[in-house]
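The sequence lines fix the lettering, A, B, ..., with proteins before strands; numbering per chain opens at 1. Model, not experiment: these values are computed from the prediction.
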Amino acid sequence: MTTTFGKGCHLHLIDGSAFIFRAYHALPPLTRKSDGLPIGAVSGFCNMLQRYVDGDHGADAPTHLAVIFDKGSHTFRNDLYDQYKANREAMPEDLRPQIPLTRQATEAFNIACKEIEGYEADDIIATLACQARDAGGRVTIVSSDKDLMQLVGDGVEMLDAMKNRRIDRDGVFEKFGVFPERVVDVQALAGDSVDNVPGAPGIGIKTAALLINEFGDLETLLDRADEIKQPKRRQTLIDMRDQIELSKRLVALDTAMPLDFTLDDLEIRDVVPERLMAFLAEMEFRTLSKRIADRLGVEAPVIPDTPAPEQAQEQAEDVPFDASKYECVRDGQALQAWIDRIRERGWVAVDTETTGLNEMIADLVGISLCVEPGEACYIPLTHRQGASDDLFGSDALAEGQMPLDEALTLLKPVLEDPSILKIGQNMKYDAKIFARHGVAVAPIDDTMLMSYAMHGGEHGHGMDTLSERYLGHTPIPIKPLLGSGKSAITFDKVAIDEATAYAAEDADVTLRLWQLFKPQLHRARVTTVYETLERPLVPVLAEMEMHGVKVDRDVLSRMSNAFAQKMAGLEAEIHELAGENFNVGSPAQLGEILFDKMGLEGGKKGKTGKYSTGADVLEDLATEHELPRRVLDWRQLSKLKSTYTDALQTHINPDTGRVHTSYAITGANTGRLASTDPNLQNIPVRTEEGRRIREAFIAEPGNVLVSLDYSQIELRILAHIADIAALKQAFSDGLDIHAMTASEMFDVPLDEMTPEIRRQAKAINFGVIYGISGFGLARNLRIPRAEAQGFIDRYFERFPGIRRYMDDTIAFAKEHGHVQTLFGRKIHTPEINAKGPHAGFAKRAAINAPIQGTAADVIRRAMVRMPKAIEGLPARMLLQVHDELLFEVAEYAVDDTIAAAREVMEGAADPAVKLDVKLTVDAGQGANWAEAH
DNA sequence: GACATCACG
DNA sequence: GACGTACGTGATGTCC
């Protein structure tokens, strides 16, 4: 049915950003009643769209239609001129979360919604308008932006939707004093303070138009500038020629940019009432949904009159916890009743009970649900009957449970329904359990992540902690139910009535926490952090963890044996040297041998009264003695064997043959992830022997491992945050940053640099990131403290911005109780005002957190965008190691994958943050991780 | 379960 | 002037 765009067609192009800002400023700051989400701009946007669709604009009806949005803050204009739009104010905090909703709104109206990374909406509009005009059609641009006026003419008109005023060639002349084809000339001269286009100083639109009309066009004017009578004006045009020509390039729209769609894709489509109503209902627009429903002749959606946040909070506190009210759901009918309530409500708190903590292995035992504080249920599914001493009955299913499949069949549509929010505490766990049963839970909210976004650094984010702190309620502990040690049982052995009280309460607590946190998120100014850096990471990580990484057991096993042999030899030598047998693995025994029996120099250690035998101590002793050297070698092998070659084998999943780590999103205060069970973020790499362990991490046949890692990301971020011109310059010149530092510090030319001097400078660079101290640097470099202090003083002298950054950061922390990353992540520093030795720790942590945290945010953003970027490629993201991402890729697609992933990683800060220093990514590939890294 | 040690960024 | 310090993690083995 598609017609080809051509004569008789009429294309309408709506400037989406203009709509959004108008809507935002025209309306008071409305919030969604149920959860406090700001929605004023979305509401206004929908209103404007509806009015437009109603034809309330006096223009001929379109045959083709699209809403065009900006995407990304960096465009080719920024490359031309780094000050372009530089003085534009940051987007208001309560508008930011509404931007994606306006896209959804457009789609809900079934209107084409277009944006292209790196281009302004104006360029897309210009390109489309030209295409449509060339095809013989007409165009109406719904906008009053003067930057678009250059497009008017030959069937292209503008429409100011607010004033219902059409702008044609004469309208443009009215505004600019010239016709559309000369508008850019006038703009180039007059400049634009809003977009920070410089233009010619002292020349406004009036004068510009006068000049252009006199000389014909800008080029002629500039060529013949010496003919201008007014001396000042003449001089300006002669002196500022470059700036004026640059301005013209900035204001001229790109009418031939690449598009990934055609005019025909914009053919007008009928609205799908159900879809539009679902969106309006989700936004809780009562009046608007009713008005539009009337217009469409359909039933208006019922929007539950949910309590305002403050009331919800009171309710959450008012309703007492009462385990006897929890229902045990044992059949389909009872479950259906709960599902009905969930559908009515639009959200549900969910919790799963399983036989263990490893979600790749644990079996689902039961599910609890909660839709209202105090009202929760537990659905037992695979509890075993009888006590554990019942030798025969313990494996049989207990009575009175629904079959697992039946329960999941009923729940699946709800858990996957995009209009029903699933709320959980650590949802990644539950989502993975459900995923193993073929249920893709979405969309989700996570109280643990909300707490992390609001209270990172203040306290833990486990449910018990949160419940006690924010609900004043101590949940039933799990310990008494499961026991501990050898006699511990799994949850499926817990009696169903006990399980119901425990499990349903967890869902109850989760829902109450959610009702409390949801409105607070916005007040704490962390909605964007939660929505862009926490919540969207859940499905990405779940996917990575479930996919796992292939590990070759035989390689590990062989290495284990080799290590064992070497260790045995070393152990014999150590005993020989010591003159007695002792446990080499016991620091206490080793200390006595070294310092008491052999009488070596090298002190004690405080608290426990034992000798310190750390690597640094042994390293010093090793210059004079054999034994400590042997112990160091033995320890290295012992570590490699026990932690890696042995333990890793036990983590190979028998079903998949792969190792599945688990990432803790809230694991580190700074925003970094933490990897556990096993930790795959500390696989050896620094020593040759250790690195060989990475040879056991392999790809499936026909595939290779690809590793991409950020180069010096923390130092780059430091250079940006502390605004160190010399560092920024060095990065932009692609210099060896440590050598450059050394050269600057010690006045050594780069071509005379020695590895030793560079090593010292490298230590200082890292020291700065860690909150440098004379003592720490002295110990790291093994130099006298005074000398180390001298280095630091000199560093501050050469890079004064560092001192300022440190002082400012500590002052900020003292005043606000937190520091923050460039992306708005808050890291609380409760100890910053402490007295005594604590204070030093807190200060250094405060200095480090914005740097480490910003780097963590950057890679999180890259990870969130990665699935889309590599969509369609035979590639999977497997692991994250703080500044590195590891992929498994079909051999033939390696180059494409590297290109796609690198683009995402290098551009990960955009558009939220414009870094002064570009991020660069190194890539490697190979049959195993040792080769790829 | 605390502590020491050591693997990573 | 004295504190005692590099930042952020997790896993293992010893010893109580």
> For A:Gly614, report the nucleic acid contact type (base, sugar-phosphate, nothing); a contact means any heavy atom under 4.0 Å.
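It contacts sugar-phosphate atoms only.
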> Would you say A:Thr670 places a side-chain N or O within less than 4.0 Å of OP1 or OP2 belonging to C:dT9?
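Looking at the OP1 and OP2 atoms of C:dT9, neither is under 4.0 Å from any side-chain N or O of A:Thr670.
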> Is there a side-chain contact between A:Met866 and A:Phe887 (heavy atoms, below 4.5 Å)?
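Side-chain contact under 4.5 Å: yes.
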> Could you tell me whether A:Arg686 contacts a base, only the sugar-phosphate backbone, or nothing, with contacts defined as non-hydrogen atoms closer than 4.0 Å?
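Counting heavy atoms under 4.0 Å across all strands, the contact made by A:Arg686 includes a base.
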> Could you tell me if the side chain of A:Glu787 sits less than 4.5 Å from the side chain of A:Pro784, heavy atoms only?
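They are in contact (side-chain heavy atoms under 4.5 Å apart), so the answer is yes.
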> So, does A:Arg844 get its side chain near the phosphate of C:dC7, meaning an N or O under 4.0 Å from OP1 or OP2?
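Answer yes for this pair, as a side-chain N or O of A:Arg844 is under 4.0 Å from OP1 or OP2.
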> Under 4.0 angstrom, heavy atoms only, what part of the nucleic acid is A:Ala846 near: base, sugar-phosphate, or nothing?
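Here A:Ala846 touches no strand at all.
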> For nucleotides B:dT5 and C:dA6, find the distance between their P atoms and express it as a whole number of Å.
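So the two P atoms sit 13 Å from each other.
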> How many whole angstroms separate atom CD of A:Gln681 from atom C1' of C:dG8?
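My rounded result for the distance is 10 Å.
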> Who does C:dC3 pair with, Watson-Crick or G-U, both distances under 3.5 Å?
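C:dC3 is unpaired by these criteria.
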> Find the partner of C:dT9: check Watson-Crick (N1-N3 plus N6-O4 or O6-N4) and G-U wobble (N1-O2, O6-N3) distances, both under 3.5 Å, and reply none if neither fits.
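Check on C:dT9: paired to B:dA7, both distances under 3.5 Å.
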> So A:Arg785, base contact, sugar-phosphate only, or nothing? Heavy-atom distance under 4.0 Å.
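Base: the residue A:Arg785, judged by heavy atoms under 4.0 Å, touches a nucleobase.
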> In terms of heavy-atom contacts, does CZ of A:Arg692 have more than 12 from other residues, nucleotides or ligands at under 6.0 Å?
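Atom CZ in A:Arg692 is not packed in, count stays at 12 or less.
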> So, do A:Phe697 and A:Leu886 sit near enough that their side-chain heavy atoms are less than 4.5 Å apart?
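Side chain of A:Phe697 against side chain of A:Leu886, heavy atoms only: no contact under 4.5 Å found.
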> Just checking A:Ile683: base, sugar-phosphate only, or nothing, at a heavy-atom cut-off of under 4.0 Å?
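Sugar-phosphate: the residue A:Ile683, judged by heavy atoms under 4.0 Å, touches backbone atoms but no base.
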> For A:Glu714, which contact category applies under a 4.0 Å heavy-atom criterion: base, sugar-phosphate, or nothing?
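The residue A:Glu714 makes no contact with any strand.
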> Measure CZ/A:Arg691 against C1'/B:dG9 and give the value in whole Å, please.
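It is 15 Å, rounded to the nearest whole Å.
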> I need the CG-P distance between A:Asn848 and C:dG8, as an integer number of Å.
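Taking atom P of C:dG8 as the reference, CG of A:Asn848 is at 6 Å.
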> Using a heavy-atom cut-off of 4.0 Å across all strands, would you classify A:Ile769 as base, sugar-phosphate, or nothing?
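No contact.
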> Taking the side chain as C-beta and beyond, is there a heavy-atom pair between A:Phe796 and A:Ile772 under 4.5 Å?
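In contact.
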> Between C:dG4 and B:dA4, how far apart are the P atoms? Round to whole Å, please.
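Between the two P atoms, the distance is 15 Å.
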> Just the rounded figure in Å: distance from P of B:dA7 to CG of A:Leu637.
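Going from CG in A:Leu637 over to P in B:dA7 covers 10 Å.
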> Whether A:Asp616 and A:Arg782 form a salt bridge (side-chain N of Lys/Arg under 4.0 Å from carboxylate O of Asp/Glu) is what I want to check.
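A:Asp616 and A:Arg782: not salt-bridged.
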> Donor-acceptor check, side chain of A:Gln636 to backbone of A:Leu632, threshold 3.5 angstrom: yes or no?
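Side chain of A:Gln636 to backbone of A:Leu632: no pair is present.
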> Please report the distance, rounded to the nearest Å, between CD1 in A:Ile713 and P in C:dG8.
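So the CD1-P distance, A:Ile713 to C:dG8, works out to 18 Å.
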> Check every strand shown and say whether A:Asn780 touches a base, only sugar-phosphate, or nothing at a heavy-atom separation below 4.0 Å.
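Answer is base: heavy atoms of A:Asn780 come under 4.0 Å of a base.
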> For nucleotides 10-16 of chain C, read 5' to 3', which letter fits each nucleotide if B means a protein heavy atom sits under 4.0 Å from the base, S means only the sugar-phosphate is that close, and - means neither?
BBSSSS-
> Which whole-number value in Å describes the distance from A:Arg782 CZ to C:dA6 P?
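Between P of C:dA6 and CZ of A:Arg782: 14 Å.
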> Taking CZ from A:Phe775 and C1' from C:dC7, how many angstroms apart are they, rounded to a whole number?
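Computing the A:Phe775:CZ to C:dC7:C1' distance gives 16 Å.
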> Answer with yes or no after comparing the ring centroid distance for A:Tyr644 and A:Phe563 against a 6.0 Å cut-off, counting only values under it.
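Between A:Tyr644 and A:Phe563, the centre distance exceeds or equals 6.0 Å.
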> Thinking salt bridges, do A:Glu458 and A:Lys826 make one under a 4.0 Å N-O criterion?
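No.
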> Per the atom types in the model, does the base of C:dT9 pair as donor or acceptor with the side chain of A:Arg672 at under 3.5 Å?
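Flag unset: no donor-acceptor pair detected.
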> Within the structure shown, what part of the strands sits under 4.0 Å from A:Phe766 by heavy-atom distance: base, sugar-phosphate, or nothing?
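Contact class for A:Phe766: none.
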> Without decimals, in angstroms, what is the distance between A:Tyr770 OH and C:dG8 P?
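Rounded to whole Å, this separation is 10 Å.
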